[in-house]
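Here is the structure we will look at.
Naming convention: chains lettered A, B, ... in sequence-line order (proteins, then strands); numbering from 1 in each chain. All values below come from the heavy atoms of this structure, side chains included, with hydrogens, waters and symmetry mates left out.
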Amino acid sequence: MALLPAFSPALFGQFAPKGVTQVQGNVLNYLPPRKVTAKPGSAVDSALALELRSGYHVNSNTPADDYLIPLRLTWNPGALEATGFTFPKAQMEKYRFSEKPLSVFSGDFEIVTRFKAPPKAAPGPSTLTGKLRYQACNSTMCLPPKTLDVSLQVEIVK
Amino acid sequence: MSRYHCAAAGAILALFLAGCTKSAKEAESNIKTESGRKKAPDFSLKDVNGDVVKLADYKGKVVLVNFWATWCGPCELEIPWFVEFEQKYKGRDFAVLGISMDDDGWKSVRPYIGSHKINYRMVIGSEVVSQQFGGVDSLPTTFILDRQGRIAAGHVGLVDKRDYQNEILKLLDDPKQAAVDGASPGILASAVRAVRP
């Protein structure tokens, strides 16, 4: 996945404090998931493998406070219908900036989506698209919420 | 107390004092020299009452400009410090200006101001203002402006309260900073107050 610059380094340089560099690219990236094959009316699981840059964490899907932005995966309508998600067990981590432990994910982890193929799904290949929304922080600063486009190759077979 | 204990206590005290001195020096080093300071970009944004806020309105004051968001944990830790600074130093021509980067603007920020008892002025930021300040991406990002509206210090990420305090006091106490454009601080303070809504 290409890393897109999220800032103007030349401009920031005018005002940046000494020794400060801005964060480049996405701190959370995903590996393209394996193609899934499903029969009409059947259920199938697909794992989305995520890699979070070292030193960063993202809020889990169930953060403790309302103002925190949860990790969220959504799939657009297509050949398969998402019927449920399985997130890993969140880590409860204490940071200097928080009085109580926060519910977070860090490192490499997976989100598994349970899909159902409609009974009348037409056979053939297609691409399912979706969005992964996350908000990452390290121990001293946070990055704005981001939404990644995700995709999944699907084959409906008889 | 034995001579040994006295010596040990003395050594510990010396180490403690050395640590304090080092911290103060480290904070001072974040203040740019006058020649190295660049004019902060001006902007025009509305506060919670709908009044227009321009950075130019703050000329003559030392200003702490804090980019933050309600979803940012480190920002939340700093907010009580800024509330304290506003209260403590506003009589000395100092002001805090918060610039929220929340996408949904006042919907999130208005209740947050109330729940966190924020006593300083707040505006909702924009991509344009973020770019004006060099592309603020990580939060908190905080700039401390001198009385001439120049960026004297900048911080990305959580900083010690003491560092902010030392920088603010250094700028407030700087005799070269006491007068702007040849006017006395008192006259300037009045002028600034006059243009403020």
Side-chain angles (χ1 to χ4, degrees), chain A residues 3-27 53 55-60 63-72 92-104 133-147, chain B residues 26 29-33 36-41 65 67-80 100-104 107-109 111-112 115-116 125 127 130-145 150-160 163 167:
Chain A
L3 297 179
L4 300 173
F7 68 102
S8 311
L11 201 58
F12 187 75
Q14 290 183 29
F15 305 110
K18 272 182 277 184
V20 170
T21 53
Q22 288 241 296
V23 179
Q24 293 191 54
N26 296 319
V27 297
R53 192 177 298 179
Y56 283 85
H57 63 266
V58 294
N59 294 316
S60 77
D65 286 306
D66 289 343
Y67 64 84
L68 296 175
I69 296 170
L71 180 67
R72 187 155 289 159
M92 297 305 291
E93 295 284 344
K94 178 81 179 71
Y95 298 94
R96 177 190 159 201
F97 60 78
S98 179
E99 283 180 10
K100 55 187 180 184
L102 300 180
S103 174
V104 300
R133 183 169 163 81
Y134 70 94
Q135 194 271 306
C137 297
N138 63 21
S139 59
T140 64
M141 65 183 190
C142 293
L143 301 173
K146 275 198 172 181
T147 303
Chain B
E26 279 173 356
S29 69
N30 284 323
I31 297 277
K32 294 179 181 176
T33 59
R37 297 177 195 172
K38 290 202 161 52
K39 189 85 176 167
V65 179
F67 287 84
W68 71 289
T70 56
W71 41 258
C72 165
C75 304
E76 188 180 26
L77 180 68
E78 293 185 335
I79 283 173
S100 161
M101 299 303 285
D102 285 83
D103 286 342
D104 58 358
K107 185 185 172 191
S108 292
V109 176
Y112 196 96
S115 63
H116 289 70
E127 187 55 34
S130 162
Q131 290 302 323
Q132 282 181 310
F133 276 83
V136 173
D137 191 33
S138 306
L139 299 178
T141 291
T142 303
F143 297 97
I144 301 181
L145 314 187
R150 299 172 305 186
I151 295 173
H155 299 281
V156 177
L158 189 58
V159 178
D160 277 352
D163 288 351
E167 289 168 9

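With a 6.0 Å radius and a threshold of 12 heavy atoms from other residues, nucleotides or ligands, Arg72(A) has its CZ atom at or below the threshold. The number of heavy atoms from other shown groups lying within 6.0 Å of NZ (Lys94(A)) is above 12. Enclosure of atom CG in Asp66(A) is not indicated, since only 12 or fewer non-hydrogen atoms of other residues, nucleotides or ligands lie within 6.0 angstrom.
Residues Tyr67(A) and Glu76(B) meet the side-chain proximity criterion, which asks for heavy atoms closer than 4.5 Å. Pro74(B) has its side chain out of reach of Thr140(A): every pair of non-hydrogen atoms, C-beta onward, lies at least 4.5 Å apart. Side-chain contact between Leu158(B) and Met141(A): absent, with no pair of heavy atoms (C-beta onward) separated by less than 4.5 Å. Trp71(B) is listed as a side-chain neighbour of Cys142(A), based on a closest heavy-atom distance under 4.5 Å.
Of the listed residues (Cys137(A), Ser98(A), Pro144(A)), the one with the most heavy-atom contacts under 4.5 Å to chain B is Pro144(A). In terms of heavy-atom pairs under 4.5 angstrom with chain A, the leader among Thr70(B), Asp103(B), Leu139(B), Leu77(B) is Leu139(B).
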*Are Asp160(B) and Arg96(A) close enough, and set up right, to give a salt bridge (Lys or Arg N to Asp or Glu O under 4.0 Å), and what steps lead you there?*
CA-CA 11 Å; Asp160(B) 277 352; Arg96(A) 177 190 159 201; 3.0 Å; yes
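To the nearest 0.5 angstrom, Phe97(A) atom CZ is 7.5 Å from Cys72(B) atom SG.
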